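A short write-up of the structure that comes next.
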Amino acid sequence: MEENKRWWKESVVYQIYPRSFKDSDGDGIGDINGIIEKLDYLKNLGIDVIWLSPVYQSPNDDNGYDISDYQAIMQEFGTMEDFDRMLAAAHERGIRIMMDLVVNHTSDEHKWFMESRRSKDNPYRDYYIWREAKDGKEPNNWGSCFSGSAWKYDKATDMYYLHLFSEKQPDLNWDNETVRKEVFNMMAWWLEKGVDGFRMDVISMISKVPGLPDGPKEKGALFGDFSPYVINGPHVHDYLKEMRREVLSKYDTITVGETAGVTVQEAEKYAADDESELNMVFQFEQNDLDGGEHSKWNLKKIYLPDLKAVFNRWQTYLEGKAWNSLYWNNHDQPRVVSRFGNDSSEYRELSAKMLATCLHMMKGTPYIYQGEELGMTNVPFESIDEFRDIESINAYHEFTENNIIAPDDMMKYLRYKSRDNARTPMQWDEGKNAGFTTGTPWIKVNPNYTRINAKEQLGREDSVFHYYRKLIELRKKNPIIVYGKFELLLPEDEDIFMYARNYGDEQLLVLCNFSDKVRKMEIPDEFVKGDIWISNYEDVTADKEISLRAYEAVVLHI
Ligand code: TEU
């Protein structure tokens, strides 16, 4: 059966992390008027949708992922009038806006929580997850994602509340129907305003297993793992179906769930082609490949056959049943060119383009994270004081103070994996602070901005920026890129990622060299003398015997 054709399947999404995108008023923090200034830049790149990381009122314990008012704009970012102007200006350019929906938790400064913590019989009490102490201690052994216990003692009522993230991010109780109604009403309010959809923060964690049992604890670990009792919990699909019925079905939206711990089988439910829940999900398997004993804190390099196996599983399992999202980067991940590519001056641009080719020729909706289109790199952080991210700072203290990881090693791990690598200011030009702000930036600017910046790349036809622009243009013109079937070739090869796409009587062959070695290889006969749609090298010929140079990428069409 032919799958449904939808605009959100044919779109390319660009993620803006507003705090670091463009500051218009010199306070060192990016803002909404800064985004308006750069809409033409995004139009030029060719993207269709902006995913806007949270712009709501927030005490910023977790940079806006701790929301104290869902219907107000964060002061540093501007006003609701600014927001409305931005929405209109984006729509005028044919760009849609997808909001970040953070409803697994609120801020502890949200009025619901301030009421909830007052007394056991407060009308808002049951909006959150409160438990009595167990044997004089926390109600269970769960650790929080940001270090420490997932429970915080609250003196006023002598009970604990659950926070899977920071203690300023109490988890909402989704089993309470009133909470669900509040969330759905708030979503409808934004949709009525004209926003075009939602990226749903940790939506796979909203339904917890009743009884909240202790989680498995690894040897030497300080806390138990909540995952088995939180991820893809018992009612998550019921709640999302209810959300679809009550709100989403009434609007034409794009929705993507951030679903840590999702498997392909679960994704088939979250992102089914019948559109009963969400349009697509972000899977984490590709990013978990270089995890280890101390979660993500290490210097491991991925093994290419493992990465290919992950993509192959997602591309083939969901075929015709559910829709994929495609991403390398976001505000939680280090820069892909420094992680899966090579950020040396010799290979940075080549490998950034190769990674872009590899992802953008697959089936699914591609997401570009701000600066990825310039090949922005990880940051040479020198001391722990330069970090701003709560996850990084807490992990540093937890691991070093408990003598689990030596401080020097932990600094190396942070430099490689910290979320702050993605959060330094967007590099607009070679001027002061990379053209991001006239004031003092809230987080340091990557010193390589004098070489790596948008102005330089816009003016150079062979830049990473223009390469991304061409990839987007190809996708727009050719349905095979959107709808063609994926087939992995050479699954065991340790350097080459090679796959085909099939659509009607058309075919594509995508060849990507993930190494700095020259690799001689043969291509399938039918592709010999095929059209070269794009490559990151000049002088490419589609011969039977092909030598793929360092980080070379080629797309052939027949
Ligand atoms: O991230 C959820 C999530 O799974 C992260 O904890 C992720 O595993 C981690 O950042 C990788 O190291 C979402 C948001 O994207 C993140 O920015 C928020 O901090 C978090 O939820 C809480 O809202």
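This one's a predicted model, so the numbers in the text were calculated from it and none came from an experiment. We count ligands from 1, going down the list as the structure has it; atoms in each ligand are counted the same way.
- Contacts between F282 and ligand 1, counted as non-hydrogen atom pairs separated by less than 4.0 Å, are absent for every part of the residue.
- Below 30°, between 30° and 60°, or above 60°: for F340 and W328 the angle between ring planes is above 60°, a perpendicular geometry.
- Interface of D62 with ligand 1, defined as ligand atoms under 4.0 Å from a residue heavy atom, comprises 18 (C), 19 (O), 20 (C), 22 (C), 23 (O).
- Between R388 and D420 there is no salt bridge, since no side-chain nitrogen of the basic residue lies less than 4.0 Å from a carboxylate oxygen of the acidic one.
- Only the side chain of R199 comes within contact range of ligand 1, with a heavy atom under 4.0 Å; no backbone atom does.
- At a 4.0 Å heavy-atom cut-off, ligand 1 touches E258 through the side chain alone.
- At the top of the distance list for atom 15 (O) of ligand 1, counting protein heavy atoms only, stands D332 OD2, 2.5 Å.
- Side-chain contact of Y14 with E373: a donor-acceptor pair under 3.5 Å is present, judged by distance alone.
- Of the protein's non-hydrogen atoms, E391 OE2, 3.7 Å is the one closest to atom 9 (C) of ligand 1.
- Judged purely by distance below 3.5 Å, without hydrogens or angles, the side chains of D61 and S166 pair a donor atom with an acceptor atom.
- Checked by atom type, the side-chain pair Y65/H331 shows a donor-acceptor distance below 3.5 Å.
- Per-residue contacts place R423 under 4.0 angstrom from the following atoms of ligand 1 (heavy atoms of the residue considered): 17 (O).
- Atom NZ of K321 has more than 12 heavy atoms from other residues, nucleotides or ligands within 6.0 Å.
- For M205, no heavy-atom contact with ligand 1 is shorter than 4.0 Å.
- Short contacts between ligand 1 and R419, defined as distances under 4.0 Å to a heavy atom of the residue, involve ligand atoms 10 (O), 16 (C), 17 (O), 18 (C), 19 (O).
- Side-chain atoms of R199 and N330 form no donor-acceptor pair, as typed in the model, at a separation below 3.5 Å.
- At the shortest separation from atom 13 (C) of ligand 1 among protein heavy atoms lies D201 OD1, 2.9 Å.
- Against a heavy-atom cut-off of under 4.0 Å, K296 is close to the following atoms of ligand 1: 11 (C), 12 (O).
- Taking every heavy atom of H105 and a limit of under 4.0 angstrom, the matching atoms of ligand 1 come to 22 (C), 23 (O).
- Partners of D31 by salt bridge (charged side-chain N to carboxylate O under 4.0 Å, His left out), not counting sequence neighbours: none found.
- Nearest approach of E258 to V202, heavy atoms of both residues: OE1-N, 2.8 Å.
- Protein heavy atom closest to atom 8 (O) of ligand 1, with residue, atom name and distance, is F284 CE2, 4.1 Å.
- Residue contacts with ligand 1 do not include Q333, since none of its heavy atoms lies under 4.0 Å from the ligand.
- Every residue was checked against the ring-ring contact (aromatic ring centres under 6.0 Å, His included) condition with F198, not counting sequence neighbours, and none meets it.
- Counting only heavy atoms of the protein, atom 6 (O) of ligand 1 lies nearest to F165 CE2, 3.4 Å.
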